[in-house]
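Quick notes on the structure that follows.
Worth saying up front: this structure is predicted, and the values here are computed from it rather than measured. Both ligands and their constituent atoms are indexed starting at 1 by order of listing.
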Amino acid sequence: MDMLMYTCPRCKTCTGTMHPGEETVESVCPAFERYRYFTYAGGGKCYTAQGLLEGALQPDADMAEVIYRCTLCKACSEQCAAHSAEPSEIARQVRRELVAAGFGPPEPARGLVQSVQRNDNPYGAPRRMRGRWARGLGLKDASKEKVKTLYFVGCTADLVPARNHFAANTVKLLQAAGEDFGVLGENEFCCGATVFNLGCAEVFEELARRNVEKLNSLEAERIVTSCAGCHSVLAHVYPEVARVEYRVISTPEYLEEMLREGRLKPGRELGLKVTYHDPCHLGRYGGIYDAPRRVLQALPGVELREMRRTREKSWCCGAGAGVKTSYPEFALWIGEQRVREALETGADVLVSACPFCEGNLSDTVAAMGADIGVMDLTDLVLESLE
Ligand code: SF4
Ligand code: SF4
């Protein structure tokens, strides 16, 4: 385990942030805000890890209950006064200890892990279901012919019908930009973000090595991802497991490039006020804050209104790290805080760039009966082209 946990003096800076000119502290940690015990905060997780390391604590069901009620949103690491401590990474390491001792992941999430092992996706779908959304589109099979750009679709956009539009939109945009691209269809495997975040280190590492070998062999110049989780794992975690020979770019970055080069020309006035939700795995994990905003600002008739907690200080959507599966009421509670913040901006639409964020934010809007749309960045760009 990471010895940097010993740099934590329990200052609690990881739980909140202050806005310039204001004196009140606004929470950034969903787990601490909901459960109000320091054990749930990033710093508390550092102390749990110390207890495990020193033998003062043993992994057990109570510890798992606390450690898994966390979206690994990384807001604590961003705020941490000790900075080097990376409490969210320490929390992930504690999950690995819990899994090794048989206390993790939580029961509802175990099916996800088994499905990744059996079907190469977390959704229990047989492998032959992969790529159904692309039937009849005549897309190049990147496992059979060399392409300049691989579109790595991801399990959620591929296999969850309500999120298929991420894949369909991305393909339309790649085509509109005149890109030489292909997909892997049945030969695409889960990126492993789910098992990585649940603490199933062995399952993840096997998957990561297999994926890196496959992706390296394609010799594509770059890989485009439309899922923040896939992007985070392919770009930042795989290189810690194996030598990668590919370059990864997220859809917001790709769209920004295409708009800058004039390969996509939005013309239709949308007449919308929008607010942008930073997905944790693009923002805090990937540092991708400007590209989606530049894309929105390039669309005619789109007015961007920022939420109070934005960019590095964004409040998580609530879906990540198994929370949506294991603690759905907590996921909705987190989502509700975000939707309320979006409503305060007066925006017509809450825009994001991740199928997971869109899923939980849409469920939350429906549960609240809130008067705001939820869309992906690709939805808006496509609408402005049509
Ligand atoms: S990762 Fe997010 S939810 Fe988990 S402790 Fe840190 S700030 Fe809180
Ligand atoms: S994790 Fe960082 S911010 Fe949180 S209590 Fe410890 S030192 Fe302070």
Side-chain angles (χ1 to χ4, degrees), residues 1-18 25-53 63-96 98 104-106 109 193 196-199 228-229 232 236-237 277-286 309-338 354 356-357 360:
M1 263 202 265
D2 194 334
M3 292 304 134
L4 287 169
M5 61 187 150
Y6 282 100
T7 62
C8 171
R10 302 189 204 206
C11 67
K12 280 171 97 180
T13 309
C14 51
T15 62
T17 186
M18 287 175 82
V25 176
E26 194 161 22
S27 178
V28 293
C29 171
F32 181 72
E33 181 67 9
R34 175 73 190 265
Y35 301 109
R36 308 305 297 178
Y37 282 99
F38 184 63
T39 321
Y40 285 88
K45 281 157 185 151
C46 292
Y47 278 81
T48 301
Q50 288 177 30
L52 278 174
L53 196 68
M63 184 184 291
E65 189 60 21
V66 173
I67 293 294
Y68 282 98
R69 285 182 187 267
C70 161
T71 55
L72 294 181
C73 69
K74 211 175 178 223
C76 50
S77 299
E78 196 64 50
Q79 293 293 318
C80 175
H83 257 303
S84 50
E86 279 279 0
S88 57
E89 182 48 36
I90 288 162
R92 194 180 277 107
Q93 290 173 10
V94 174
R95 289 183 175 203
R96 287 183 201 137
L98 286 162
F196 176 68
N197 289 322
L198 286 170
S232 178
H236 305 297
V237 187
H277 167 76
D278 290 279
C280 302
H281 286 271
L282 275 190
R284 283 186 283 262
Y285 280 87
R309 291 171 294 187
T310 187
R311 299 173 70 97
E312 292 87 350
K313 295 174 177 178
S314 279
W315 181 260
C316 174
C317 77
V323 166
K324 179 91 175 151
T325 302
S326 301
Y327 309 107
E329 87 303 329
F330 180 35
L332 282 180
W333 180 86
I334 301 170
E336 189 175 332
Q337 317 310 306
R338 195 54 165 163
C354 172
F356 248 62
C357 295
N360 198 50

Number the atoms of ligand 2 from 1 as they appear, then name those within less than 4.0 Å of a heavy atom of Lys12, with their elements. 5 (S), 8 (Fe)
Donor-acceptor contact below 3.5 Å, side chain Arg96 vs main chain Gly199: no
In terms of residue, atom name and distance, what is the protein heavy atom nearest to atom 5 (S) of ligand 1? Lys45 NZ, 3.2 Å
Glu336: partners by side-chain contact (heavy atoms from CB on, under 4.5 Å), with sequence neighbours left out: Arg340, Thr364, Met368
For the residue pair Ser77 and Glu86, confirm or rule out a side-chain donor-acceptor distance under 3.5 Å. yes
Protein N, O or S atoms at less than 2.8 Å from atom 8 (Fe) of ligand 1, how many? 1
For atom 7 (S) of ligand 2, state which one of Pro9, Gly43, Ser77 supplies the nearest heavy atom. Pro9
For Cys80, counting its heavy atoms only, list the atoms of ligand 2 lying under 4.0 Å from any of them. 1 (S), 2 (Fe), 3 (S), 7 (S)
Within a distance under 4.0 Å of any heavy atom of Arg10, pick out the atoms of ligand 2 and give their elements. 5 (S)
Kindly write out the residues that satisfy side-chain contact (heavy atoms from CB on, under 4.5 Å) with Cys357, not counting sequence neighbours, or none if the list is empty. His277, Pro279, Cys317, Ser352, Cys354, Leu361
Please lay out, stage by stage, how Arg69 and Tyr40 fare under the test side-chain hydrogen bond (donor to acceptor under 3.5 Å, both in side chains). CA-CA 8 Å; Arg69 285 182 187 267; Tyr40 285 88; 5.2 Å; no
Geometric cation-pi criterion Lys74 and Tyr285, 6.0 Å radius, 45° cone: yes
Measuring from Tyr327:OH to Trp333:CH2, what's the distance to the nearest 0.5 Å? 15.5 Å
Please confirm whether Gln79 comes under 4.0 Å of ligand 2, counting heavy atoms of the residue only. no
Here the gap from His281 atom NE2 to Ser232 atom OG, rounded to the nearest 0.5 Å, amounts to 5.5 Å
Contacts of Tyr68 meeting ring-ring contact (aromatic ring centres under 6.0 Å, His included) (sequence neighbours excluded), chain-then-number -> none
